[in-house]
Amino acid sequence: MTSPVSFDDVLLKLKEEEAFHMDTLFELIRQRSISAQNIGVEACADLLQSMMEDAGIDTQQLATEGFPVVYGEVIHPDNDLTILFYGHYDVQPPEPLELWDTDPFEPTIRNGKIYGRGTGDNKGQLIAHVLAVKALLDLHGRLPVNVKFLFEGEEEKGSIHLAPFAQAHQELLKADIAYTADGPMEGKDQPSVTLGNRGLLYIELNAQGAVRDNHSGNKGNIAPNPAMALINLIRTMVDESGNVLIEGFYDDILVPTDEEIEHIRSLPFDPVATAAVIGVDAIDLSAEAYYRKLSLSPTFNIAGFGSGYTGEGTKTIIPSQATVKIDMRLAADQHPEKIFQAILEHVERFESDCTIAVDYLGGVKPSRTPLHLDIVQKVIESVQLSHNKMPVVLPALGGTGPMYIFTDILGIPSLTIPYANVDEDNHAPNENMGVSEYLAGIKTTCAAILHLGEQI
Ligand SMILES: [Zn+2]
């Protein structure tokens with residue numbers, strides 16, 4: 001760019017455009033795009049494409065096995081850096097409708113918040129990138145970095161076709177960093193930057209004893225008990241402290257650097273408030289232990305266990321069948337298929353008088369981006385510039401997301417910077433996004449583009 005950009009000029013421009021920014025989001029919310037129910041998704045892709053084209057973004061729809069990806073770019077040959085903005089234009093089903101105070105697809109402002117399905121998750125956050133680019137192009141005619149947009153229509157269905165899409169379009173999606181605005185901020189006016197997320201392996205174990213339930217007296221000590229078999233098996237998989245005993249389970253885990261440990265020690269952690277959120281009396285952990293357990297370590301969790309009689313009173317049987325569902329959150333560099341293989345071998349070696357079957361119910365790879373990268377530091381600085389406040393930087397979300405697509409398939413760093421308010425109620429009735437959070441999001445994207453382009 002010829003003359004440096006003044007961030008004050010940008011702020012003035014965003015102020016002038018506020019009414020347009022509100023109208024654009026309202027129009028996008030009015031267009032239903034419920035991927036789970038196949039309602040309005042293609043029409044929403046068309047609308048989004050036309051909004052992006054109006055913003056000066058070169059846009060096309062690209063087919064997947066499911067709903068299309070809306071892809072856009074603004075490229076200038078003199079630029080060195082490329083940001084890939086990821087978002088999703090599909091929304092959750094609005095049901096139960098009777099719990100909404102106003103029509104989920106007729107956006108309404110109350111108490112400084114925009115109510116409507118998809119406001120926070122993810123239309124208000126996704127369109128913020130588009131409107132930021134439009135404002136900068138209107139002001140200056142070009143951008144100091146290249147931008148690409150990957151907007152999918154199936155995130156609420158688990159991004160089922162995104163990995164093969166990214167695999168097939170690696171050249172098109174080539175970028176220096178993936179930038180996602182999704183989810184809620186850490187607290188009121190407290191921005192955050194997240195460097196990754198845990199992966200997931202979900203399995204089910206089914207144990208079969210006799211072909212029928214048996215009398216626990218007449219057949220006691222004789223008939224096999226599948227519930228006991230699963231308990232015995234699980235005890236060989238995990239010890240009383242939660243250490244996983246499956247061979248090789250911890251082998252691939254990325255060891256955190258001293259800098260990362262130093263960093264998590266400095267993170268804010270309020271054990272009393274956290275205990276209240278979880279619903280327990282107290283949490284006896286240091287900040288370091290809390291974040292190590294939450295984001296740097298895997299879990300082994302019984303999500304459900306069923307067998308025999310659990311109704312009122314007594315029924316003296318030896319059940320014939322038992323099921324346990326186990327989810328494991330995976331830390332950086334653990335691989336769901338590899339761990340599943342190790343579990344198969346573990347169960348194979350386990351001696352039991354019951355037959356035990358293992359089912360794979362789902363797996364997602366974890367993702368982690370190193371804190372020390374220059375480009376990561378630049379994005380953190382840009383969030384600070386936009387909010388006049390240092391963001392909380394989290395090594396990884398405890399939960400699971402599709403970020404491995406960026407770090408593992410595209411091989412680029414990936415950051416998540418939530419723009420929505422902490423009480424956005426995404427997936428629930430009365431989903432909302434604060435007006436000020438929405439407008440601040442547009443500003444934050446402007447700051448990222450200008451700061452990475454060394455303009456501010
Ligand atoms: Zn969602």
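Whatever order the structure lists ligands and atoms in, that order sets their numbers, starting from 1.
At distances below 3.5 Å, at least one donor-acceptor pair connects side-chain atoms of N432 with backbone N or O atoms of D423. A distance-only check finds a donor-acceptor pair linking the side chain of N421 to the backbone of G434 [under 3.5 Å].
Less than 2.8 Å away from the Zn ion (ligand 1), the protein contributes these N/O/S atoms: D121 OD2, E156 OE1, E156 OE2, H427 NE2.
Residue R198 holds its CZ atom at 13.5 Å from OG of S367, rounded to the nearest 0.5 Å.
In this structure, R110 forms a cation-pi arrangement with Y115, its terminal cationic atom sitting closer than 6.0 Å to the ring centre and no more than 45° off the ring axis.
Considering only heavy atoms from C-beta on, D182 stays 4.5 Å or farther from Y419 through its side chain.
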May I have the step-by-step check of side-chain hydrogen bond (donor to acceptor under 3.5 Å, both in side chains) for T444 and S386, ending in yes or no?
-> CA-CA 5 Å; T444 303; S386 172; 2.8 Å; yes

